[in-house]
Each structure stands twice: as structure tokens, then as C-alpha cells.
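To keep things clear, I will list the structure first and then write my remarks on it.
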Amino acid sequence: MSDAKRPEENTPRGTRPVMPPGAKPAMPPKARPAMPPGAKPAMPPRARPAMPPGTSPTGDGKPRLTRKDFASDQDVRWCPGCGDYAILATVQRLLPDLGVPRENIVFISGIGCSSRFPYYMNTYGMHSIHGRAPAIATGLKASRPELDVWIITGDGDALSIGGNHLIHILRRNLNVQILLFNNQIYGLTKGQYSPTSEEGKVTKSSPYGSIDHPFNPVALALGADATFVARSMDRDTKHLQEMLRRAHDHRGAAFVEIYQNCNIFNDGAFFQFTERDTKPHRTLFLEHGKPLVFDEGRKGIRLDGLQPEVIDLTDDRWSVDDCLVYDETNRELAHLMARIFFHPELPQPFGVFYREKRPTYEDLLHHQIAEVTARKGKGDLQTLLRSGDTWVIEPEPAEVTP
Amino acid sequence: MAVFEKPVEVLPEATVLFAGDSGDGMQLTGMQFARATALARNDLATLPDFPAEIRAPAGTTYGVSGYQLHFGSVPIRTPGDAVDMLVAMNPAALKVHLPRVRRGGTLLINVNAFDRRGLELARYETNPLEDGSLEGYQVIPIELTRLTRETLADSGLDKKEIDRCKNMFALGLVLWLYSRPLEPVEQWLAQKFASRPKIRDANLKVLHKGYHYGETHELFAVRYEVRPAHLEPGLYRAIRGVEALALGLIAASHQSGLPLFYGSYPITPASDLLHELSRHKNFGVMTFQAEDEIAAVGAALGASFGGALGVTATSGPGLSLKSETIGLAVMTELPLVVIDLQRGGPSTGLPTKTEQSDLLFALYGRHGEAPLPVLAASSPGDCFYAAYEACRIAVRYMTPVILLADGYLANGAEPWRVPDVASLPPFEVRFATEPNFHQNGEARFLPYRRDPETLARAWARPGTPGLEHRVGGLEKEDETGNVSYDPANHQRMVKLRAEKVARVAREIPPTEIFGDPEGDVLLIGWGSTRGAIEAAVEHLRDRGLRVGSIHLRYLNPLPPDLPEIFDRYHHLVVPELNNGQLVRVLRDAYLRPFVPLNKIQGLPFQAREIETFITELTQA
């Protein structure tokens, strides 16, 4: 799989000016501030039409939980204006809708700003070790498949110190949701470049510009054979909620990269995709079975060989029929879309890149245990202890019975 | 078959070492001899010695595989200091193992292998059978290869298959020499080669040929007999340390009702525990071969959070990698069992050799104030009870526990009296199911509320309605478990976590003394050195010294009755296979002049090394 061809190199360098931390972004002015918790919701929770309001979607007659039921009594301590607030609110709004008993929900995080997340959720949770959330979640989910396990991680946590665990949980395909809050910076340690920071980035630890080549998280997840890969953003909570819902619906490891603004150390990293002035022509929302159009229907994407190219739908030359129809079960298409990465001419894709059905690790594990048990019979401890070559020593010296 | 024409010499004990090329089937030969010996009711201990290389070139010294076996009518505590009989299938085996044979010992040598090529591969410049270097040993030259080929000339097997049978000739001969019955081996061969009658019959034929060779050949003027030992009555089986660890973990899971989750990353010599446990899925055992050591312990801790019995095992460098997660287990106060099969260090060190050099790391190898119980197993069979106890302590006190064993224990085997399941210590688990705090009509769950006796916090499994809570690595507020930066709270929590671990001492049984209950010297040991230490104590007492020994199962906390035992001896000696680790812990705890006795060669102690040290110490 080669990268989508483009005039310059395939990194985000040059897509926006490098600026020192804390400087004003040169990108479009903030359309609206990132929301503190409790601010007006961007979207009402989606009620399912078949369900009368006020009842649980499980239909068990229990009172329907609300967003408030999922907020813990701990003060949220992210910086005011942080994109994490919007993600937290989106998750808390979504959960009542999913029909999972609250006691069966577990949030496992690593270390970093985003990893404080579990403390703010009134569910079971563990704030673990830097990078290790997938490992801990693997043990939990493998041994307790009935639990609904969410992993909260960041770009440093998941892709740097925890890179190994991330790729392995994806290939094993445990049925968990992995929410990677990507802000392209180390926030909690106060502003070093991260494994997703663009080349040339000036930070405290790279005063002359970062020389590190960044990861493309979606391409990495696809490369690790993830069975569900999506991308969304903190400033489009409607889309985010839909992606999280679909991630939850997916049976397998669901990887969702969420572009999240760090307004303190990396403000505006994604403004070209998230802000009103540029979002329409800089983003491409992938929808299964639908043609790839963007910029409010004025432009589309077609394939020229293996090369995606922008076509103008406003003149007579091209129409929607010429656009590539997206198929999220097509691995090759997913790789093509993943490789459109901070491209100066092509819009950045968001949505579900890829999904496939593959048995989950915990299903295979317990199926194997059940199968062996059926074949050998349920283990009896005393018999096991007595197995192998045994012999009896009689109280009085006597013949030996093998 | 029992033609006892030749005189029989009765021995109290004997040590035999079978050695040959990796392809000579020496492990198998040794195990069959051990089995026949066990059925003859001898006490015994065995030690296999594999080459470190997976497939070393044939005939070289680094391709030599050995199996040592010490058996007797007296209590047998080690695989034997000095070898009485070495069976050497080739020059390399002789070269590697001759130093272990006592002066005057017997060398049973396959002379057919001592050709130019064989001598060259073993880097012998002259033939040791001819250059006088074996003077002082009783050499029995046997044309093992030729005799085997002759025996099987009309068997229809090819040359390679025929040569593979020559270990049975050696086995038959040694069984005759020590007056062991052939039947157990015959039965085993019949079973193993049931589907290949030609191979079965060839092996049986060669086995009998070897046996009769002893009976009829004038080389053998005498045969030996080792009479039955006084063993505790019961059902016995041979058990390796790794098998015993696996059974102990399964027993703990069974008795507690907690599903066993075992996370592990392949590492020598701990991998065998993963192999062993992964065979027992019908006990509900979940084995997880992780992507690395950190994931192995992380997954185990995740499983513990979910209410399983989370266990991991490792060796050497693996323990270093796990230490951060063990610290998280200290902070989250979740049960976790970490088994360390110690090997020579530092770094990659001596992966296939044994050492006791991780004690200080187990006790102190975490950042911050992170105490935890540390236990040690003292024999292959004892690994069963040590693993069971480690699980019980971990759950009862809601703490990670490190269990120290080593490569010598893991690979060594001994006869093991199979315990009754009903006789195992009780292992009850109570998960929290209800709120544990009531105030102003409000019921809440405080995850860090403690049992007043053990100081263990409540264990609420995810899935329990109403007890939703968060744990994590940040300092916890007392009782609520909320994140807290309060200075006084931090001090209180550090003290509480330490006190909880210290309270394990309340259930440590009184320390047993082996040998003299007071006197000249007390030997204080831990781990796999028990056999050598106790053998040395016996020998020293025979020589009139008043010597006792204690062997520590609990290394943290230490048993409370140690000071009054120390008071009863003039010298306090601490033998260890390291550069002095327990000795530092004891000096720190008791401020007495403990004397270190250290061996750091990747090898277990020999009893005589300890005896020599004690003799010199008491004469000084």
C-alpha cells in the first residue's frame, strides 16, 4: 500500500504554521468554545423510536438512566476549554441509550490527561499505568466477557509507551471499545511533541522543531488487522456519538481515533477539520454504501487507478455517479482512505473506515475451554493430583503396587 | 530371571548419572530408572541437566544431556553431591561429567563412541581410556553400540533405529547392577510403542540383553542393592517443581472458587509453567500468552480486578519488567500472584542456571513504599503448597504476593505424597455485594474500607449493582478510595499498606527446627537450598557438632519467633546462592552477627560445601 500521491511528502508538515505552545492559532477563529460539563448539549440523546420515553432500552421496566447517572461525584479537573469535556459529555449521554446495566460497564485507562476519564464516570473503572490499559483490559474482558469494557487512551499512551499493547489487542480482537484521544501533544507533562505530532513541531522538547515522523493512527490500526476502525472529532459531537455507538455495536475491538483539541499546548491542531469555515472542504465523511462527496455536495472523490482525486460536481464534466461509493467492509478502500492524511489537496476522511466480522478472543478462549471440558470431562482436582505414575507406600513394608 | 549368582553388596544410598548426546535419550533413560527406583520404595531426588542449546551439534560437549539420580534407604535430600556411577555414552559426556564423579567411582563407558571423530568432537587430544587419566576410577568399558547392533541384526530396523535403542542396553545393565526389577520398564515400553511393535520388541530385546550382560559378564563381580526407605505411607507420584506449581495454582482456584487466569510471556525456565497450565483447560484455567512481560502481569491484574485469581510467572529480566504493574497492584490493593523462577543474573545472565539472587528485588524492587508478602518454595513437591499459600495470602490480604522458586526447583523432581484435597487449608473468598457504609439514611460503598483483622479492603467485582467504584495508581483517600493529595492521608495510607502486609505474620506457623534445637550453629536458609542444608546438618551432627537449621517459607513478613531461636545458638550462618541477600535482611531486622555463606556459580549447594564451611567456622 503506497501513500496517496501528493505534491509534497506524506506528513502533516506544512499544513499549518508551526507555533510555540500557547501562541494564538493562525487558523480560523474559534467558532465556539469547547464546552465545560453541563453546558448545553450539542445533541439531545437519541431516543429509540420504539421505546416510550423514560423507560430503559432493555425493556426491563427499570427507570431509564440518564446522563447524570453516569457522572461520578468527582470534580472534573481538565483545563477549561479542553476537548476532553465534549468527549466525556458525549459518552455520558450515549451510555443510557446502549441498554447496558451500569454495573457491567468498566472504563480502563492508562496515564495522561484523557486517562483521568474513568474517575469521572459512575461505573466501574481503573486508572492504570502508562500505556498498559489494553493489557489490563485484556485480562478483564477475557475473564469476564459479559462486561462492557471501554479503553480510554491518548496518543502518547496508546502509540508511544503502549504501542505494543495496542497492536496486540487489535489483532486478538477482544470485544472492547478503544477511544484514542489524539491531541498530537503530551499535555499532562506540559507540552512535549508526541508520536502524532507533525514533523518540525516546535515544543518544549523540540525547540528547533521535531525530527520525528508521526504515526497515522488509523493506518496503524488497519495494519494491526483491527476489525473496526473509525475517526471522529471532539467538536462534532453528533458524529462522535454515532461513531461511539457503532463502535459499541461492533463485536470485536473497535478503534476510534478522536481528534481532540488541547487548547493549552496545541491549540488548533485540527481546526482545519473542525471549524466552520474550513470543515466542509477539508473533511470527507465516509458513509457505507454512499458516494464520497464533500463540501456540501460540490465536490466528490473518484479513483483514478489507485489514486483518489477530487472531482468538481458543479460543472458538467462529473456527477455523483462518478464518485467512489464507499464500502466499509473493503479493506483495500479502507487503506486508501487511511492514507489520505493531512493531505494539502484531498479532504481528511472521518467516519468508519473499516469493519469486519472476526471471532473475538474471549469467545475463542471460552469456546476452547468448553470444548476441552466436553472432551475430557470437567476436571476433578483429586484425580489430577493423583495422575501420572503413582505408587503406594504401605504402612508396613509390603509388596509395592504400581 | 532372578539369578542371584553374584554377591550383592547393600548400599545405604547411591548416585547415578546418565549422560550422553542430546539424541541418546538420556532424560528418558534416567526417568525410567527413577521410576523403577521409586517402585523399589527408595527415597530419591533427581536433577536433569539439559544443554542450553536447542539442537547442539552431536558429539560436542555443549550437546551433552544428563540425568542425575540420588536414591537410598535413608532420607534423600539432594540429587547427590558426588556421583557413584557415571554412564557415559560418548567422550563428550565423560569430559563434561567426570569432575562430578567421586574418586573410586564407577565409569560405565560406551567405548564404541571413543573413535577419532568422537574424541575430536569432545576436544580430547588423547584417548582418556588409554592415557591413564582415568586412574583411580573403576572403568567398565562396554561396546554398547556394537552389542546393540548385534542384538538387533535381524530386527528389520535400519541402522539409525537400531542405534537409538542403545540407551536401553545401558538401562538394562544399570537396573541389574542395582538389583532393580525390569517389569516397570517393560510395561512402559509396551505402552509407549504399542502402535509400533517392531520398535517395542527391539527395545525390549536390548533392555534384556543389557540386563543379562551384567549377570553373565565377568566384568561385574558384584551387584548392589539399596533397600526400601522408611517413607510415610500413602500414594506417591514423581513430581517436578513446575508441575507442582501448576497443581498448587489449580488447587487454589478450585478451593477458592476463583477462576484461574494465568498471563505469561515465554521465558526460560518459567515457560514450562505456561505449558503445564495450558494443558488443564478442563479446570477452567485461562492461559494467556501475552505480547510481553508487562502485558502478562497487566492482564493478570485486570483479571483480578474482575474477580479472578490473577497469576503470572517469570524469570530474571521478566521480573524487572513487571515491577511497575506490581506497584499498581500494591496501590489498587488487588490480589495478584507473581511467581519468579530465579536464574543467574544480572541481565540475561545464566538463563539455564539456578540462583537465589532476586530476593532483594522481590522485597524492595519497586518505586515508592510498596511492601508485599514474599514467599519461597523449598523443594519440587513443596512448590505445590507454596503456590497454594501464595494465592491464599494474596486474596485474604488483597495484595500482590511474590513467590520465589528457581530453575533447580522447577526442573528437579522428587517423590511426592499426594495430598487429600480435603486436607488443604481453607480458602474462602467473600466478595462485597452490599454497601458497607451507612450515614444519614444513605448507603454507600467505600472500596477502601478494611477488614479490622487483616486490613484487607473490600473486593467488589464489576457487575455488582450499586458498588460501582474506580481504582487506580494515584494515591487513594482512606476509605473512599478517591484520589487524594492530602499529606496526612498519604502518610496514613503508606502506613496502612505496610501494616496490612506485616499482619500476615500473625498466621505464620511456629518455625520448625531441623536438627539440634540449640547448640553451636544455626543454619538459616530459604528456597531450594533446603535439601543441601539439611543433609549437611545431618552429617555435621554425626560428627558430634550441635547444629540445627531453619528454612524460611515467609521472607516478608518474617516469622515472629525467630529472635528467640537465634538466641539458642553460638553461630548464625546464612547459606545462599547469591552474594548475600537474606543475610542483609536479617542483619537489618535483628542486628546480630549473621555469617554469610555464598555460592554464585549457577549451581546448587553441595552438602559437603556447607559442611566444610561450618567445620572451619567452628574450629576457628
Side-chain angles (χ1 to χ4, degrees), chain A residues 72 74 101-109 111 118-119 121-129 131-132 134-144 146-147 164-165 167-168 365-366 368-369 372-373 375-379 381-382 384-395 397 400 402, chain B residues 35 38-41 184 187 228 231-238 247 250-251 254 259 261 263 280-284 286 288 290-292 294-295 298-308 310 324-325 328 332 418-421 462-474 482-483:
Chain A
S72 75
Q74 298 296 294
R102 188 173 61 176
E103 63 271 17
N104 280 359
I105 300 174
V106 187
F107 282 83
I108 307 276
S109 66
I111 294 292
Y119 288 123
M121 297 299 300
N122 188 17
T123 62
Y124 284 92
M126 190 194 290
H127 174 223
S128 74
I129 311 178
R132 316 303 172 207
I136 286 164
T138 295
L140 180 65
K141 182 70 182 177
S143 58
R144 296 285 308 277
E146 76 277 20
L147 298 176
N164 198 29
H165 308 305
I167 58 178
H168 287 279
L365 175 71
H366 291 279
Q368 191 174 57
I369 288 173
V372 174
T373 307
R375 203 170 60 231
K376 292 168 73 173
K378 192 169 159 48
L381 181 59
Q382 191 68 65
L384 176 68
L385 298 184
R386 286 188 182 138
S387 62
D389 262 336
T390 58
W391 64 94
V392 173
I393 299 293
E394 304 290 350
V400 170
Chain B
R35 193 164 159 271
L39 291 172
R41 297 166 48 87
Q187 284 165 10
L231 294 170
E232 212 179 326
L235 181 79
Y236 280 76
R237 62 178 283 189
L247 295 183
I250 292 170
H254 185 270
F261 183 95
H280 298 300
K281 294 207 183 291
N282 59 329
F283 285 83
M286 293 170 274
F288 171 63
E291 59 270 25
D292 58 31
I294 297 171
L301 185 63
S304 287
F305 180 60
E324 188 184 11
T325 308
L328 178 65
T332 54
V418 177
D420 249 338
V421 169
T464 313
L467 307 192
E468 291 86 357
H469 66 279
R470 276 66 56 194
V471 296
L474 286 169
N482 290 329
V483 175

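Letters A, B, ... mirror the listed sequences (proteins, then strands); counts begin at 1.
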Specify which of Gly263(B), Pro419(B), Gly307(B), Ala308(B) makes the most heavy-atom pairs with chain A at under 4.5 Å. Pro419(B)
Atom pair CZ (Arg41(B)) and CD1 (Ile393(A)), whose distance is rounded to the nearest 0.5 Å: 4.5 Å
If one checks every heavy atom of Arg132(A) against chain B at 4.5 Å, the contacting part turns out to be side chain
Contacting moiety of Ser109(A), where chain B heavy atoms sit under 4.5 Å: neither
Using a 4.5 Å cut-off on heavy atoms from C-beta on, say whether the side chain of Ile136(A) contacts that of Phe305(B). no
Approximate separation, where rounding is to 0.5 Å, of Trp391(A) CH2 and Arg35(B) CZ: 9.5 Å
Picking from Thr123(A), Thr138(A), Val106(A), which has the most non-hydrogen pairs under 4.5 angstrom with chain B? Thr123(A)
Measure distances from Pro465(B) to the heavy atoms of chain A and classify the residue's part below 4.5 Å as side chain, backbone, both or neither. both
Show the nearest heavy-atom pair for residues Val421(B) and Leu385(A), with the distance to one decimal. CG2-CD1, 4.1 Å
Pick one of side chain, backbone, both or neither for Thr325(B), based on which atoms fall under 4.5 Å of a heavy atom in chain A. both
Under 4.5 Å from a heavy atom of chain B, the part of Arg144(A) involved: side chain
Residue among Asp420(B), Leu301(B), Ile250(B) with most heavy-atom pairs under 4.5 Å to chain A: Asp420(B)
Please find the pair of heavy atoms, one from Leu384(A) and one from Arg237(B), that lie closest to each other, and give the distance. O-NH1, 3.3 Å
Rounded distance [0.5 Å steps], CE in Met121(A) versus CZ in Arg470(B): 9.0 Å
Most heavy-atom pairs under 4.5 angstrom with chain B, which of Ile369(A), Val372(A), Ile111(A)? Ile369(A)
Would you say the side chain of Met126(A) lies within less than 4.5 Å of the side chain of Leu328(B), judging by non-hydrogen atoms? yes
Under 4.5 Å, counting heavy-atom pairs only, tell me which of Gly306(B), Gly463(B), Ala290(B), Gly472(B) racks up the most with chain A. Gly463(B)
Please classify the contact of Gln382(A) with chain B as side chain, backbone, both or neither, using a heavy-atom distance under 4.5 Å. both
Examine whether an atom of Phe288(B) lies under 4.5 Å from a heavy atom of chain A, and if so say whether it belongs to the side chain, the backbone or both; otherwise answer neither. both
Which residues pass the ring pair (Phe, Tyr, Trp, His ring centres under 6.0 Å) test with Phe283(B), sequence neighbours left out? none
Heavy-atom contact with chain A under 4.5 Å, split by part of Pro184(B): neither
In the structure I gave you, are the side-chain heavy atoms of Asn104(A) and Glu468(B) within less than 4.5 Å of one another anywhere? no
Taking the side chain as C-beta and beyond, is there a heavy-atom pair between Glu103(A) and Leu467(B) under 4.5 Å? no
Rounded to the nearest 0.5 Å, what separates atom CG in Leu381(A) from atom NE2 in His254(B)? 5.0 Å
Interchain contact, Pro259(B) with chain A, by part (heavy-atom threshold 4.5 Å): neither
Atom CD1 of Ile294(B) and atom CG of Asn164(A): how far apart are they, to the nearest 0.5 Å? 8.5 Å
Hey, which of Pro228(B), Gly473(B), Gly298(B) has the most heavy atom pairs under 4.5 Å with chain A? Gly298(B)
Any non-hydrogen side-chain atom of His165(A) less than 4.5 Å from a side-chain atom of Glu291(B)? yes
Compare all side-chain heavy atoms of Lys281(B) with those of Thr373(A) and state whether any distance is below 4.5 angstrom. no
For Tyr124(A), the ring pair (Phe, Tyr, Trp, His ring centres under 6.0 Å) test, sequence neighbours excluded, returns His469(B)
For chain B, which of Ala137(A), Gly388(A), Gly377(A), Ala135(A) has the most heavy-atom pairs under 4.5 Å? Ala135(A)
